[in-house]
Amino acid sequence: MEVKLSELLGETTEYDKKREVEMRKPKSWLKSVSAFANGNGGMLIFGIADDDTITGINDIKTASEYISQKIKERIDPFPEVTMQIHSVEEGKNLLTVEISKGQETPYYYKGDGSTEAFVRIGNESVAANAAELKRLVLRGKNSSFDSLITDYDFKDYSFSKLRERYKEWNGTSMPDKSFESFGIVDKKGRLTNAVALLADNCPIRYSRLFCTHWNGLDKSGG
């Protein structure tokens with residue numbers, strides 16, 4: 001039975017083809033799991049060569065269990081993964097591993113004494129540089145300290161200094177609903193770290209705020 005790559009991929013645009021499951025070198029394909037989760041998702045197709053020749057996976061059960069185990073062991077946090085077996089020719093099976101776009105980036109590969117996050121550059125999975133890693137941290141769910149929700153209740157704190165500054169800038173008093181609309185208090189009335197630091201009676205001990213004032217509209221002003 002002839003298999004069409006387009007049928008396997010569906011709407012997936014990023015993918016890697018692997019002739020076999022490298023058990024001695026799992027990083028060779030786990031880095032793509034990290035990269036797909038850190039990007040827009042993607043798919044690994046095991047049992048197919050680069051020229052689209054169907055080689056198949058001999059022990060499909062062992063291979064699928066090994067892949068699942070290594071993803072759980074070496075990718076942190078654990079991404080959303082869907083595995084499927086495709087019978088394409090008599091005695092030949094393909095195994096697809098679809099990795100969804102992650103919401104808790106960065107997704108790290110942990111192994112061989114190192115911890116790395118990977119991203120897709122063209123059709124390759126490469127280690128993220130400092131700028132890419134920063135972008136992934138900022139994109140990640142609950143990865144920014146400022147946006148983390150605390151256990152502090154809005155009604156227990158006052159913000160006279162913040163309200164005073166708001167009125168100076170806007171000419172009107174700062175309504176309570178603005179705290180939620182600005183994303184610094186959640187729907188349950190809990191403070192984020194950002195607004196907790198601005199409370200008159202700041203509950204976060206040993207905290208400091210560092211601010212920089214630039215002349216003009218960019219850093220070139222000195």
For residues 47-54, run the donor-acceptor check on the side chains, cut-off 3.5 Å, and write out each pair with its distance to 0.1 Å, sequence neighbours left out.
unit_1, atom_1, unit_2, atom_2, d
Asp51, OD1, Thr53, N, 3.0
Asp51, OD1, Thr53, OG1, 2.8
Asp51, OD2, Thr53, OG1, 3.2
Asp52, OD1, Lys17, NZ, 2.7

Cluster link Phe118 to Val137, ILVMFWY, side chain under 4.5 Å: no
Side chains of Leu94 and Phe46 in contact at under 4.5 Å (non-hydrogen atoms): no
Spatial distance of atom CG (Asn58) from atom NZ (Lys92) [nearest 0.5 Å]: 10.0 Å
Heavy-atom neighbours of Glu22 CD exceed 12 at 6.0 Å: yes
Non-hydrogen atoms of Pro203 and Ala196 that approach each other most closely: CD-O, 3.5 Å
Between CG on residue Leu162 and CZ on residue Phe182, distance to nearest 0.5 Å: 8.5 Å
Short N-O contact, Asp16 and Arg120, less than 4.0 angstrom: yes
Ile67 vs Trp29, side chain to side chain contact (heavy atoms under 4.5 Å, CB included): CA-CA, chis, key distance, verdict: CA-CA 10 Å; Ile67 290 170; Trp29 49 271; 3.9 Å; yes
Any Asn93 side-chain heavy atom under 4.5 Å of Leu95 side chain: no
Worked check of salt bridge (Lys or Arg N to Asp or Glu O under 4.0 Å) between Glu73 and Lys70: CA-CA 5 Å; Glu73 286 179 357; Lys70 288 303 174 184; 3.2 Å; yes
Heavy-atom side-chain contact between Phe36 and Thr12 under 4.5 Å: no
Residue pair Ile184, Phe159: steps toward the side chain to side chain contact (heavy atoms under 4.5 Å, CB included) verdict: CA-CA 12 Å; Ile184 51 180; Phe159 300 89; over 6 Å; no
Hydrophobic cluster membership, Val88 vs Val97, 4.5 Å side-chain cutoff: no
In one Ile/Leu/Val/Met/Phe/Trp/Tyr side-chain cluster, 4.5 Å: Leu136, Tyr108: no
From CA spacing to verdict: side chain to side chain contact (heavy atoms under 4.5 Å, CB included), Tyr107, Asp76: CA-CA 5 Å; Tyr107 289 80; Asp76 185 35; over 6 Å; no
Side chain proximity check, Met23 to Thr62, heavy atoms < 4.5 angstrom: yes
Pairwise side-chain contact, Thr96 with His86, heavy-atom cut-off 4.5 Å (strictly under): yes
Qualifying residue for salt bridge (charged side-chain N to carboxylate O under 4.0 Å, His left out) with Glu116, from Lys110, Lys27, Arg74, Lys31: Lys27
Close side-chain approach of Met43 to Ile45, heavy-atom, < 4.5 Å: yes
Tyr157 OH to Tyr152 OH distance, which is reported to the nearest 0.5 Å: 6.0 Å
Asp151 CG: over 12 foreign heavy atoms closer than 6.0 Å: no
Side chain to side chain contact (heavy atoms under 4.5 Å, CB included), paired with Ile99, selected from Val33, Ile71, Asn38: Val33
Distance, nearest 0.5 Å, that separates CG of Asp59 from OG of Ser64: 8.5 Å
Gap separating the SG atom of Cys202 from the NZ atom of Lys161, nearest 0.5 angstrom: 14.5 Å
Electrostatic pair Arg163-Asp176, nearest N-O below 4.0 angstrom: yes
Please output the side-chain donor-acceptor pairs of residues 166-174 that fall under 3.5 Å, not counting sequence neighbours, one pair per line with the distance.
unit_1, atom_1, unit_2, atom_2, d
Glu168, OE1, Arg165, NH1, 3.0
Asn170, ND2, Tyr166, O, 3.0

Student check: side-chain heavy atoms of Leu44 and Lys18 closer than 4.5 Å: yes
Point-to-point distance, once rounded to the nearest 0.5 Å, from CZ of Arg139 to CD of Glu132: 10.0 Å
Residues forming a side-chain contact (heavy atoms from CB on, under 4.5 Å) with Asp186, sequence neighbours excluded: Ile149, Lys188, Arg190
Short side-chain to backbone donor-acceptor contact, Thr82 and Glu98, under 3.5 Å: no
Which atom of Ser125 lies closest to which atom of Ser32, heavy atoms considered: OG-OG, 3.0 Å
Closest contact, heavy atoms only, Ser160 versus Asp200: OG-OD2, 2.6 Å
Path from Val81 to Ile85 over hydrophobic side-chain contacts below 4.5 Å: yes
